[in-house]
Amino acid sequence: MQASMIDFRPLPSPAQPTSAERLAEDVAAIGRIEAVKTVLRVLLQTTGLRMAVVARVTSESWMCCAVLDELNFGLRPGDSLELVTTFCNVVRNLASPLLITHASKDSRFTHHPAPKLYNVESYIAVPVLRRDGSFFGVMCAVDSEPADISEDKIEIFRHLAELIGYQLELEDELDRREALLLNAREAAQLREQLIGIVSHDLRNPLNAIGLSAATLLRRADLDDRTRRGICRILDAADRANRLIRDLLDFTQARMGQALPVKRQLVNFHTLTHQVVDEVRLAIEGRELEVECDGDGQGAWDPDRISQVLTNLLTNALQYSPDGTPIRVSTRGEGKAVILTVRNQGSPIPAEVLPTLFEPMKRGTEEGGSERRSIGLGLFIVDQLVRAHGGSIEVCSTVEEGTAFSVMLPRSV
């Protein structure tokens with residue numbers, strides 16, 4: 001999908017908010033971006049510093065939007081510092097990254113107030129820009145002790161700041177549209193179009209993050225803490241790429257287009273074992289059982305079938321009690337193969353079953369908000385199964401648990 005498909009004709013503007021109101025809105029917008037918490041944690045893990053901040057920085061003010069504080073500095077979202085006392089003001093003026101390893105011994109900052117006022121000795125920061133290139137603020141990590149921070153960390157900071165900037169722009173656009181559009185259908189269409197655009201636009205920075213992290217991981221001089229941090233970056237990038245793939249599929253399906261499949265000869269049983277092994281490596285404390293029977297040969301798209309099985313396994317793990325097994329079975333029957341994924345736990349309510357494969361729907365509210373997805377997994381599964389000429393059904397009872405059964409013809 002191309003950005004030109006959206007009609008961005010000017011809409012009537014509401015009364016302009018005050019400077020204080022705009023700052024409060026910016027703090028709230030950053031607070032709504034769940035990924036910021038993970039980004040701040042990654043910054044500390046990759047640098048070894050003990051406080052990370054996303055700050056809104058203007059020509060007149062500095063305000064904390066998000067913070068992860070292991071220094072006990074006492075900073076909270078909404079707190080302000082005098083702009084000229086911060087290193088972030090230097091970043092704003094230079095419009096470029098800044099790395100300081102020992103501020104009080106750095107000739108550039110001999111007379112800067114930050115080391116004396118805030119006891120800041122090490123500092124690394126990059127600008128946070130909106131998609132249109134306008135300056136929003138600074139993402140930084142600091143510590144009261146000097147630190148040996150290498151220049152290559154700046155590239156990681158830069159890519160993570162790009163992700164925040166993209167998401168911030170999306171928040172701004174959605175807020176503006178939701179305030180002005182009264183028609184529910186128009187709002188839904190805009191949301192789907194924006195999902196398609198963001199899905200495409202996020203791929204480049206995500207690929208850059210993955211390549212940069214993979215390059216760093218090949219270095220021989222990494223300590224265990226840094227290596228674990230880089231591995232978390234790679235895992236997060238992989239999850240984000242999977243989400244983008246689901247978003248793209250969702251957008252295409254909502255436009256009435258069949259999802260593309262590229263068939264090739266595949267052994268369904270072998271493919272199932274491979275996918276389950278990959279999922280098993282990413283989880284701890286859960287048992288995944290696999291049982292295969294009959295002829296597993298057929299013509300399917302292996303990437304798409306992997307996507308189906310991964311989504312079903314993710315769903316089964318999310319909505320079942322810890323310590324209970326997930327059972328996967330594949331069975332060859334005549335001209336088709338039957339895939340079943342079964343988990344234990346509370347049954348899906350009967351009133352939910354008719355809408356279970358619709359987008360943005362979930363079977364139950366179990367699992368906690370931190371583990372929930374955006375509700376596209378089963379919708380994508382249904383669309384991919386249909387694209388293969390197959391069908392899917394679900395049976396959910398107290399006695400037997402919940403089982404998703406997929407019938408896939410060997411060829412169509």
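Numbers for residues simply follow the sequence, beginning at 1. Every heavy atom of this structure was used, including side-chain atoms; hydrogens, water molecules and symmetry mates were not.
Salt bridge status for Glu289 with Arg342: absent, with no side-chain N to carboxylate O gap under 4.0 Å. Ion pairing between a basic and an acidic side chain is recognised when a charged N comes within 4.0 Å of a carboxylate O; Asp221 and Arg219 show such pairing.
The main-chain N or O of Arg263 is never found under 3.5 Å from a side-chain atom of His388 such that the two would form a donor-acceptor pair. In this structure a side-chain-to-backbone donor-acceptor pair under 3.5 Å is missing from Arg76 to Cys64. With hydrogens and angles disregarded, no donor-acceptor distance shorter than 3.5 Å links the side chain of Asp382 to the backbone of Leu378. Between the Thr58 side chain and the Ser61 main chain, a donor and an acceptor come within less than 3.5 Å of each other. Judged by distance alone, the side chain of Ser122 and the main-chain N or O of Glu145 form a donor-acceptor pair under 3.5 Å. With hydrogens and angles ignored, the 3.5 Å screen pairs no side-chain donor or acceptor of Arg92 with any backbone N or O of Gly137. In terms of modelled atom types and a separation under 3.5 Å, the side chain of Ser134 and the main chain of Arg130 share no donor-acceptor contact. The main-chain N or O of Leu83 is found under 3.5 Å from a side-chain atom of Thr86 such that the two form a donor-acceptor pair. With Arg280 contributing its side chain and Leu288 its backbone, the two residues share a donor-acceptor pair below 3.5 Å.
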- Pair Val394-Leu356, side chain to side chain contact (heavy atoms under 4.5 Å, CB included): steps then yes or no: CA-CA 9 Å; Val394 58; Leu356 193 60; 4.0 Å; yes
- Checking side chain to side chain contact (heavy atoms under 4.5 Å, CB included) for the pair Leu40/Leu44: CA distance, chi angles, key distance, verdict? CA-CA 7 Å; Leu40 296 182; Leu44 298 193; 6.0 Å; no
- Task: Start with the C-alpha distance between Ile100 and Arg108, add both sets of side-chain angles, then the distance that settles side chain to side chain contact (heavy atoms under 4.5 Å, CB included), and finish with yes or no.
- Result: CA-CA 10 Å; Ile100 305 170; Arg108 298 173 298 170; 4.1 Å; yes
- Message: Run the side chain to side chain contact (heavy atoms under 4.5 Å, CB included) test on Glu278 and Ser306 for me, step by step, so that the C-alpha distance in whole Å, both residues' side-chain angles and the decisive distance to 0.1 Å come before the verdict.
- Response: CA-CA 10 Å; Glu278 291 173 2; Ser306 298; over 6 Å; no
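The distance from the CG atom of Leu217 to the SG atom of Cys231 is 4.5 Å, given to the nearest 0.5 Å. With rounding to the nearest 0.5 angstrom, the CG atom of Leu408 is 8.0 Å from the OG atom of Ser391. Rounding to the nearest 0.5 angstrom, the gap separating the NZ atom in Lys153 from the OG1 atom in Thr47 is 8.0 Å. The line from CD of Gln383 to CD1 of Ile392 is 11.0 Å long, rounded to the nearest 0.5 Å. Within the model, atoms CG of Asp79 and CE of Met63 stand 8.5 Å from one another, a figure rounded to the nearest 0.5 Å. Within the model, atoms CD1 of Ile233 and CD of Gln45 stand 8.5 Å from one another, a figure rounded to the nearest 0.5 Å.
Within a 6.0 Å radius of CG in Asn93, more than 12 heavy atoms belonging to other residues, nucleotides or ligands are found. For Glu60, the CD atom sits in a loose shell: 12 or fewer heavy atoms of surrounding residues, nucleotides or ligands are nearer than 6.0 Å. Surrounding CD of Glu70 are more than 12 heavy atoms belonging to other residues, nucleotides or ligands, all under 6.0 Å away.
When only modelled atom types and interatomic distance are considered, Ser144 and Arg50 share a side-chain donor-acceptor pair under 3.5 Å. Side chains of Ser19 and Arg22: a donor on one and an acceptor on the other come within 3.5 Å. Side-chain polar atoms of Asp223 and Thr226 form a donor-acceptor pair below 3.5 angstrom. A side-chain donor from one of Thr324 and Arg286 sits under 3.5 Å from a side-chain acceptor of the other.
Between Asp143 and Gly48 the shortest heavy-atom distance is OD2-O, 4.3 Å. Taking all atoms of both residues into account, the shortest heavy-atom contact from Pro127 to Ala161 is O-CB, 3.7 Å. Listed here is the closest heavy atom pair of His112 and Pro115: O-CD, 3.2 Å. In plain terms, the two heavy atoms of Asp152 and Leu216 that are nearest each other are OD2-CD2, 3.3 Å. For Ser107 against Thr110, the heavy-atom pair with the smallest separation is O-OG1, 3.3 Å. When all heavy atoms are compared, the tightest approach of Ile348 to Ser396 is N-OG, 2.8 Å.
Inter-residue side-chain proximity for Leu317 and Asn343 is flagged as unmet; no heavy-atom pair is nearer than 4.5 Å. In this structure, Val261 and Asp303 have side chains that are not in contact, with every pair of non-hydrogen atoms separated by 4.5 Å or more. The closest side-chain heavy-atom distance from Ile305 to Val266 is not below 4.5 Å. For the pair Leu43 and Leu49, the minimum side-chain heavy-atom distance is 4.5 Å or more. At least one side-chain heavy atom of Gln344 sits less than 4.5 Å from a side-chain heavy atom of Pro325. Taking the side chain as every heavy atom from C-beta outward, Trp300 and Leu271 never approach each other to under 4.5 Å. You'll find the side chain of Arg56 reaches within 4.5 Å of the side chain of Phe136, heavy atoms only. No side-chain heavy atom of Phe87 sits less than 4.5 Å from a side-chain heavy atom of Val138.
Checking each of Thr340, Asn315, Val308 against Phe404 for a side chain to side chain contact (heavy atoms under 4.5 Å, CB included) leaves exactly one that passes, namely Asn315.
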